[in-house]
Every structure is written in structure tokens, then in C-alpha cells.
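Side chains are part of it too, since the values below use all heavy atoms of this structure and drop only hydrogens, waters and symmetry mates. Read the numbers this way: they start at 1 and go in the same order the structure lists the ligands and their atoms.
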Amino acid sequence: MSIPEKRVQTRIDPYVDAYASRTRGMKASAVRALFAVANRPEVVSLAGGMPNITDLPLDVIGSVIGDLIKARGPQIMNYGGAQGEERIREQICQVMGLEGIEASSDDLIISCGSQQALDLVTRTFIDPGDVILAEAPSYVGALGTFAAYQAHVVQVAMDEDGLIPEALRAATVAARAAGRQVKFLYTIPNFNNPSGILMSVERRRQVLAVAEEFGILVVEDNPYGLLAIDLPPQPALRSMNQDQVIYLGSFSKTFAPGFRVGWALAPQPVLKKLILAQESATLCPPVFSQFAISEYLDHWDWQGQIDKFRAMYRERRDAMLRGLEDHMPPGTTWTKPQGGFFVWMTLPKGFDSDQLSARAASHRVAYVPGTAFFADGLGSRNMRLSYCFPTPERIYEGTRRLGETLREEIELRTTFGLVGPPTAELGQ
Ligand SMILES: Cc1ncc(COP(=O)(O)O)c(C=O)c1O
């Protein structure tokens, strides 16, 4: 006896007809979907983006937090204001000063990681169908948030110097011609996740000039700026324009993500909306975490700690670049990041990184396929390789296994006449 379709659906999920239409855009993060394979001990995972925080002074942090609870437990374990605690907002202004930002603590709101700041900004600006311009490729978590608010995401090409101003202009003009309102440009100028690309200072000026000409708000997402490996921190877009840039920051990569403390620095009228959005979302950001980070910043040489992180990531980045140089077949290209966590690889024409991931798993290596970082299905020849977490030896071994995977694929494809001579260019 056949079961009516409706009944089958109902048995799987009885609420299927009740969900809001925005849930249709929500899908599991590609990175999370890979967890089952990537977390197996025999697999070298070049997939995850977890910071390596084993070097943190855990004994110092433990005793500072213990003292804090003894001295002020009832206050720090209570509710706080939606904007966040004054003390940490002042300290954050000093942190942002390292990237040339002059800001007042009044212009800042604390969020539950910068991911929540991204959510607050999107919920504040986006009606279904509004256009968000974003780099191609772009952070998968941002694309997920944009999809959840039913934005129409238009991705704008990048080259080695970051977002291409002419492409930004063309995308803006096209959106307007189609009668769509561009609500903001989302950019990760420092060591873009996933490409590792750094926007040059000249490009920053040019991109801002286009944004100013068209009156487009810029959302600058900057979790990796202080993790520059080969150069000092670069001037933030917000340091060049105070009125049209919302800057998102985070302690996740420079301290520890478990505290879930990030922030948004925004022009006053926008900030007021973000505070209202925060009240309705969480009442207030986590008070305990804010105090814990404040104490850490006061009692520890946090800049020295960031320097240690930078040295550690340099060693890992170098291991990855050495491994790619030694093991990748001809026709494969990759970016050479000067900071952050990621290398972006481009496979020869005809290759598909989604299809290749099962073969990679059989060689005990994992990566994130490039399609995760595009809203429109592009990226099939790309993969994101992260060097933040495994040891340098494991990273090098991971690239060896990846090389093996690609060579096996090339051999098979050549045998069956599926590919011509390997060629590759940056991106798609
Ligand atoms: C570009 C970018 N933005 C935002 C986030 C979110 O970070 P968090 O919410 O931990 O501050 C991440 C995390 O990996 C990221 O890579």
C-alpha cells in the first residue's frame, strides 16, 4: 500500500507546514557537515577554522576568574545592559587603536561573538529581497545569516589585492538598474575567510570611494586583523571613514572563542537600532564573559600573547605552503596568505572539489569545498585549506595526502579521457 506524500512528510516532521519561509534558506554549515569525517583521529583536517589556543596561560586565566567571582560574583553573574559593560567597551577602543581606529566607547555594542553582531546588523537592515554585496568568496557563516533573512546576495570579484572596485561599481549599478536596493557591502579586508586575501591599502581607499559615491554602507568584518603574520596590522576601513562603516570585531581569534565576546562599532543612529535588536535577541550580552575578558586584558600581556599566536600561525602557514609546493600537481594554484588562517586553492579546469572530498577522505585528509563560500553554486574548482589547528608536521602530511588524492584523480581522468592538460587561474 502506498503512503500519501503528505503523510510521509508529516511522519518525518509534523511541523513542516508551519515553519517561516525564512527557514528555507537555512542549511547546515558545510564545515559542520564535514565534522564526522574531519574529526576522526586518523584524518588530517585542513577543514576546520578553530583557533589553536593551547598556548593560553590557563593557570593565570583560572586564578583571575576565581578572584573575580570571589570579589564580584553577584554582579558579574547577573543581567547587564544591552549595550555591554562600559569597562570592556573602553578596552576595546584601545584594541581597535592598533588598527588606526579612534572611537568612543559610546559607539560600541558588545555581542555574543561577532557572528551575533552580523546577525544584528542583518536583522536591522534587511527585508526579504534586499541586496547585500559580498566578496566572492565570502565567509560561510555570513552567507548563512544573510540567507536566514532572505537577502539577495550578489558576490563581487576579488583579485590578489582584494575586492575589485570596478566590479563593485558594476554590481551596484546593475542592482539599481534592476530596481533593487543595495543595503550594504560585506567585506573581510584582512585575510578573507576563505581566501586569505588581504585588501591592499590603496584598494581600501578605492572601495570606500565607490561606497561613498553610491552611499553604500560598508560592514567591515575583522576577526583576523591582529593576526597579520608578515606585516603590522593594517589600517581598518573604519579608520578611513567613520560615518559609513560598521566595524565588527571579536576576541575569538586573539583570545578565546568560548567566551563568545565580539562587538560592533557603528555610527550613532545605527547603534541605537543595534541596541534595540540586542535587547530583543538576548536582553544583554554575556556579563560574566565580558568581565573575564576585561580582567584578562588588565592582568596579562595580551599584545605579547597575540605575538605568540602570530609566531605559531606563521610556522603553520609556512608548513602548509611548503607542503603545497612539494606535493601539488602542476595546474594547481593557491593563495599565499600574510595572516589569518586560510589558503584558497584552485584546481585544474574540470575538477570538482565537492566530488573529490570522498576520495580525499579515503586518503585521510579533509578540506572545505569552495562552493560553501558562494551563494550561487560557484567555487567548484576551489577548496579552503586551513592551517590554524593541526601541528606543522600534520599540516605538511595533510598536503602530502591531498597531493596523492589529486594525482590519483588526474590519473583516473586521464585514463578515461576526461581532462586536457591541467590549467588553473585565481578563483573561478
Ligand atoms: C570572517 C568571520 N567573521 C565572523 C566570524 C565569527 O566569529 P565569532 O562569532 O567567534 O566572533 C568568523 C569565525 O570564524 C569569521 O571567520
Side-chain angles (χ1 to χ4, degrees), residues 29-32 34-35 38 45-53 84 88 92 95-96 99 108-122 132 134-148 153 155 158 162-163 184-199 218-228 234 236-238 246-265 274 278 281-282 285-286 289-290 292-293 306 309 313 337 339-344 368 372-375 384-389:
S29 130
V31 182
R32 194 146 47 81
L34 282 165
F35 262 20
S45 176
L46 306 177
M50 277 211 299
N52 192 326
I53 53 173
I88 196 169
I92 288 170
V95 174
M96 292 190 299
E99 296 177 320
L108 252 172
I109 180 169
I110 304 297
S111 53
C112 187
S114 54
Q115 183 70 32
Q116 197 222 357
L118 202 53
D119 186 278
L120 297 179
V121 169
T122 312
I132 297 174
E135 284 151 346
S138 222
Y139 168 50
V140 60
L143 295 178
T145 301
F146 301 158
V153 177
Q155 287 183 277
M158 303 168 81
L163 200 61
F184 58 79
L185 163 69
Y186 170 74
T187 171
I188 309 159
N190 293 315
F191 322 117
N192 165 289
N193 177 359
S195 71
I197 289 175
L198 172 71
M199 194 189 287
V218 177
V219 177
E220 174 179 27
D221 189 9
N222 188 31
Y224 304 103
L226 296 183
L227 295 180
Q234 299 297 289
L237 293 170
R238 169 58 172 70
I246 301 177
Y247 173 101
L248 310 184
S250 174
F251 286 109
S252 289
K253 311 298 186 317
T254 52
F255 181 34
F259 288 98
R260 306 308 297 129
V261 173
W263 67 91
L265 172 67
L274 296 181
Q278 178 68 290
T282 65
S289 291
Q290 293 176 69
I293 292 185
I306 292 176
F309 283 143
Y313 291 129
F341 287 180
F342 308 110
V343 166
W344 182 242
V368 184
F373 307 97
F374 291 86
R384 187 190 78 176
L385 305 175
S386 56
Y387 53 80
C388 43
F389 200 73

Would you please name every residue forming a side-chain contact (heavy atoms from CB on, under 4.5 Å) with Thr145, sequence neighbours left out?
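Listed in chain order: Gln115, Asp119, Thr122, Tyr149.
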With ring-ring contact (aromatic ring centres under 6.0 Å, His included) as the test, would you mind laying out the steps for Phe191 and Phe341 before giving the verdict?
CA-CA 8 Å; Phe191 322 117; Phe341 287 180; 10.0 Å; no
Under the side-chain hydrogen bond (donor to acceptor under 3.5 Å, both in side chains) test, residues paired with Gln155 that sit two or more places apart:
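Gln155: no side-chain hydrogen bond (donor to acceptor under 3.5 Å, both in side chains) contacts found.
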In chain order, what residues pass the ring-ring contact (aromatic ring centres under 6.0 Å, His included) check against Phe259, with sequence neighbours excluded?
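So Phe259 forms a ring-ring contact (aromatic ring centres under 6.0 Å, His included) with Phe255.
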Before you tell me yes or no, could you show the steps for Trp344 and Asn192 under side-chain contact (heavy atoms from CB on, under 4.5 Å), namely the whole-Å CA-CA distance, both residues' side-chain angles and the distance that decides it to 0.1 Å?
CA-CA 10 Å; Trp344 182 242; Asn192 165 289; over 6 Å; no
Please produce the table of protein N or O atoms sitting under 3.5 Å from N or O atoms belonging to ligand 1, one pair a line, distance to 0.1 Å.
| unit_1 | atom_1 | unit_2 | atom_2 | d |
| --- | --- | --- | --- | --- |
| ligand 1 | 3 (N) | Asp221 | OD1 | 3.4 |
| ligand 1 | 3 (N) | Asp221 | OD2 | 2.6 |
| ligand 1 | 7 (O) | Ser114 | OG | 3.4 |
| ligand 1 | 9 (O) | Ser114 | N | 3.2 |
| ligand 1 | 9 (O) | Gln115 | N | 2.9 |
| ligand 1 | 9 (O) | Arg260 | NH2 | 2.9 |
| ligand 1 | 10 (O) | Ser252 | OG | 2.6 |
| ligand 1 | 10 (O) | Arg260 | NH1 | 2.8 |
| ligand 1 | 11 (O) | Ser114 | N | 2.8 |
| ligand 1 | 11 (O) | Ser114 | OG | 2.9 |
| ligand 1 | 11 (O) | Ser250 | OG | 2.6 |
| ligand 1 | 11 (O) | Ser252 | OG | 3.3 |
| ligand 1 | 14 (O) | Lys253 | NZ | 3.0 |
| ligand 1 | 16 (O) | Asn193 | ND2 | 2.9 |
| ligand 1 | 16 (O) | Tyr224 | OH | 2.7 |

Please determine whether side-chain contact (heavy atoms from CB on, under 4.5 Å) holds for the pair Val140 and Val368, giving the CA-CA distance in whole Å, both sets of side-chain angles, and the decisive distance to 0.1 Å.
CA-CA 10 Å; Val140 60; Val368 184; over 6 Å; no
